**Student:** 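Below: one structure in structure tokens.
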Amino acid sequence: MIKNYIITHYLNGFSKNFIYLIFLFFIINFEKSLSFFSLFKIATPSLISIIIFIFIKKLNMVPSYFILFLVGFINDIIIGSSLGTTPIFLLLIKFFSVGLLFDNVNKNDQQDWISFTVTFLVSFCIVFFINIILNSSIPDLSPVFYYVGTTLIFFPIINLSINFIFFIKRLLKS
Amino acid sequence: MVSGKPSQVKILKSRKNFNLFLVFLCLTLVFLGKIDLVAIRNIKSFFSDFLAPVTFAFNKPVKEIAGVLEDVKSASSLRDENIRLKSELRRIKVLNSKIASQELELFELRELLKVLPKNKNNIVTGRAITAPGGIFANTVLINAGKDYGIKIGQPAISSYGFVGYVINVGLKTSRVLLTIDINSMIPIYLTESHWPAVAQGQNGDLLVIKFLSSDAKPIDGEVVETSGHGGRLPPGINVGKIFKSFSGTYFVRPSVDFHRLTYISIITNQKQNTTVLDGFQGFAPLQKPIKPSVLKGLDSSGTRKIERIED
């Protein structure tokens, strides 16, 4: 009986992580394909970091470190960037999102946004510096600012949309 | 707390260790990727081959929607576009008649000078599978690989001009490094001011001009082509136009719109001359062509008088 429970527990964990992997892979592909729109010609917003943050903070769904590593690795292969840079970024996003620093701060959407801004900026700066060291030169900064700006603008929009969906759900239930 | 279950602190510690291990693994991967090992390259190309159909399937709907939106946007300016195209057509017709006569003259001159004939290029055209976007890397995956004779280093072009060169080849796919990528450096030639230089991408829209002589005076709007120096890329492929910024610095604006790339052609007969560096003496500035001379006859002393045409 106990053995069956253990197997079910592991199967449950595996299926959950597999669904996370597929979903995050879809999101990361969607993010890249946004560059076909003229609005995101310069740079596409980092939807993956927004989704991971919302997953952890709002939905209490924490994707494992290995899944994030795998998604980042696949992304590096698809876009052809240096292997390992995206996994570091995703791992840092999770690390700072779960981190104790912001645990007691998230009481409303505004604080959520501040918390995300800090998490995203710190993670991005680390990866950006790794890239500067790797390429031994500073890239054009306008796409970088556009990338950071659009991500920070998109976060409250997605956050409010999710809040709205929850509101409708509660309304329907009541 | 005497139960056999591991305590929360232990679980947290092991998770933290695993996270650190993954970060360390990532850093190792970054380092291995940078030293460009054959094994890493093979792994990359294998996964690219494997993931290409999935990526294409994910990208296709978004690409189609973006195309439809662009069509709707352009439909609103159809009248203006029509007028512009008519005037463009008139201009091209005039140019065409001039070009036909000049081409004949050029052919005759080539015959007279016994200029070596140009090699005809073998071209393989593939469809771009991925979007070129990315703030750290600008590459495109195309659906043609080793099976079509594509090799690393071969130049990639589109109907507008030079796109980049192949950096990784799989069995079914190839990765093209775009000229706007920070790791891309191409030898160029300024067609009007007659100076060679190197254009480097900076992950933005423009290319930085490097190794340009201090004597050079680029002209705003002049056409830039590949110089063919180093023997890696063929000469004469359109790269873009010179663009002067507000600060007075010169950049190259690529003629290709990298976000609208659908088909990319690879020149497959380009020689991959690895021994070219053996006798390579470095770049020498190209000489401005000597101004044509006109003979005006003999002077009073009996010597021939030569006058040069001034600009």
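Please read all numbers here as calculations on a predicted model, not as lab measurements. Note on naming: letters A, B, ... go to the chains in the order of the sequence lines (proteins, then strands), and numbering restarts at 1 for each one.
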**Student:** Should we say atom CZ of A:Phe30 is surrounded by more than 12 heavy atoms from elsewhere, each under 6.0 Å from it?
**Tutor:**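 Atom CZ in A:Phe30 is not packed in, count stays at 12 or less.
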**Student:** When heavy-atom pairs shorter than 4.5 Å are enumerated against chain B, which of A:Leu68, A:Leu141, A:Val144, A:Leu134 gives the highest number?
**Tutor:** A:Leu134
**Student:** With only heavy atoms counted, which part of A:Asn131 is less than 4.5 Å from chain B, the side chain, the backbone, both or neither?
**Tutor:** side chain
**Student:** Side chain, backbone, both or neither: which part of A:Leu92 has an atom under 4.5 Å from a heavy atom of chain B?
**Tutor:**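 Interface part for A:Leu92: neither.
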**Student:** In terms of heavy-atom pairs under 4.5 Å with chain B, which of A:Gly80, A:Pro143, A:Ala43 leads?
**Tutor:**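 Of A:Gly80, A:Pro143, A:Ala43, A:Gly80 has the most heavy-atom pairs under 4.5 Å with chain B.
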**Student:** Examine whether an atom of A:Phe89 lies under 4.5 Å from a heavy atom of chain B, and if so say whether it belongs to the side chain, the backbone or both; otherwise answer neither.
**Tutor:** neither
**Student:** Would B:Lys244 and B:Phe251 count as a cation-pi pair here, with the cationic atom under 6.0 angstrom from the ring centre and within 45° of the axis?
**Tutor:** no
**Student:** Between A:Asp140 and A:Ser142, do the side chains contain an N or O donor and an N or O acceptor separated by less than 3.5 Å?
**Tutor:** yes
**Student:** Would the A:Tyr147 and A:Phe124 ring centres measure less than 6.0 Å apart?
**Tutor:**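 Here the rings of A:Phe124 and A:Tyr147 have centres that are less than 6.0 Å from each other.
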**Student:** Going by residue number, which parts of residues 60-67 of chain B are within reach of chain A, meaning a heavy-atom gap below 4.5 Å?
**Tutor:** B:Val62, B:Lys63, B:Ile65, B:Ala66
**Student:** Just say parallel, tilted or perpendicular for the rings of A:Phe53 and A:Phe155, cut-offs at 30° and 60°.
**Tutor:**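 Ring orientation, 0 to 90° scale: perpendicular.
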**Student:** Could you tell me which portion of B:Leu27 (side chain, backbone, both or neither) has an atom closer than 4.5 angstrom to a non-hydrogen atom of chain A?
**Tutor:** both
**Student:** Tell me, for B:Leu206 versus chain A, whether the close heavy atoms (under 4.5 Å) come from the side chain, the backbone, both or neither.
**Tutor:** neither
**Student:** Relative to chain A, which of B:Asn183, B:Ile40, B:Leu141 shows the most heavy atom pairs under 4.5 Å?
**Tutor:**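 Of B:Asn183, B:Ile40, B:Leu141, B:Asn183 has the most heavy-atom pairs under 4.5 Å with chain A.
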**Student:** In terms of heavy-atom contacts, does OH of B:Tyr148 have more than 12 from other residues, nucleotides or ligands at under 6.0 Å?
**Tutor:**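 Atom OH in B:Tyr148 is not crowded, with 12 or fewer foreign heavy atoms closer than 6.0 Å.
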**Student:** Quick check for you: to the nearest 0.5 Å, what is the distance between A:Leu34 atom CG and A:Leu47 atom CG?
**Tutor:** 6.0 Å
**Student:** If contact means a heavy atom pair closer than 4.5 Å, which residues of residues 49-58 of chain B contact chain A?
**Tutor:** B:Leu51, B:Val54, B:Thr55, B:Phe58
**Student:** I'd like to check the salt bridge (Lys or Arg N to Asp or Glu O under 4.0 Å) partners of B:Arg253; sequence neighbours left out, ordered by chain and number.
**Tutor:** none
**Student:** Do any N or O atoms from the side chain of A:Thr117 and from the backbone of A:Trp113 form a donor-acceptor pair under 3.5 angstrom?
**Tutor:** yes
**Student:** What part of A:Ser38 lies closer than 4.5 angstrom to a heavy atom of chain B: side chain, backbone, both or neither?
**Tutor:**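 Interface part for A:Ser38: both.
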**Student:** Indicate yes or no: at least one non-hydrogen side-chain atom of A:Phe95 is less than 4.5 angstrom from one of A:Leu91.
**Tutor:** no
**Student:** Please classify the contact between B:Asn59 and chain A as side chain, backbone, both or neither, with a heavy-atom cut-off of under 4.5 Å.
**Tutor:**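 Contact with chain A: backbone and side chain both.
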**Student:** Pick one of side chain, backbone, both or neither for B:Leu69, based on which atoms fall under 4.5 Å of a heavy atom in chain A.
**Tutor:** side chain
**Student:** Pick one of side chain, backbone, both or neither for B:Asn168, based on which atoms fall under 4.5 Å of a heavy atom in chain A.
**Tutor:** neither
**Student:** For residues 71-79 of chain A, dump all side-chain donor-acceptor pairs below 3.5 Å to protein atoms at least two apart in sequence or in another chain.
**Tutor:**
residue : atom : partner : partner atom : Å
A:Asn75 : ND2  : A:Thr86 : OG1          : 3.3
A:Asp76 : OD1  : A:Ser81 : OG           : 2.9
A:Asp76 : OD1  : A:Thr86 : OG1          : 2.4
A:Asp76 : OD2  : A:Gly84 : N            : 2.8
A:Asp76 : OD2  : A:Thr85 : N            : 3.3
A:Asp76 : OD2  : A:Thr86 : N            : 3.3

**Student:** Answer yes or no: are there more than 12 heavy-atom neighbours, outside A:Leu59 itself, under 6.0 Å from its atom CG?
**Tutor:**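 Yes, because the 6.0 Å sphere around CG of A:Leu59 holds more than 12 heavy atoms from other groups.
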**Student:** Counting distance only, does the side-chain N/O of B:Asn138 pair as donor-acceptor with the main-chain N or O of B:Asp181 below 3.5 Å?
**Tutor:**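 Checked: no pair found.
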**Student:** Please state whether the side chain, the backbone, both or neither of A:Phe66 comes within less than 4.5 Å of a heavy atom of chain B.
**Tutor:** both
**Student:** Using non-hydrogen atoms only, which part of A:Phe37 is less than 4.5 Å away from chain B: side chain, backbone, both, or neither?
**Tutor:** both
**Student:** Heavy atoms, side chains only, cut-off 4.5 Å: are B:Val256 and B:Thr179 in contact?
**Tutor:**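 No, side chains not in contact.
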**Student:** If you measure from the Lys or Arg side-chain nitrogens to the Asp or Glu carboxylate oxygens, is any gap between B:Asp205 and A:Lys41 under 4.0 Å?
**Tutor:**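 Here B:Asp205 does not pair with A:Lys41 in a salt bridge, since their nearest N and O are not under 4.0 Å apart.
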**Student:** Indicate the ring-plane relationship of A:Tyr20 and A:Phe55, choosing parallel, tilted or perpendicular according to the 30° and 60° boundaries.
**Tutor:** tilted
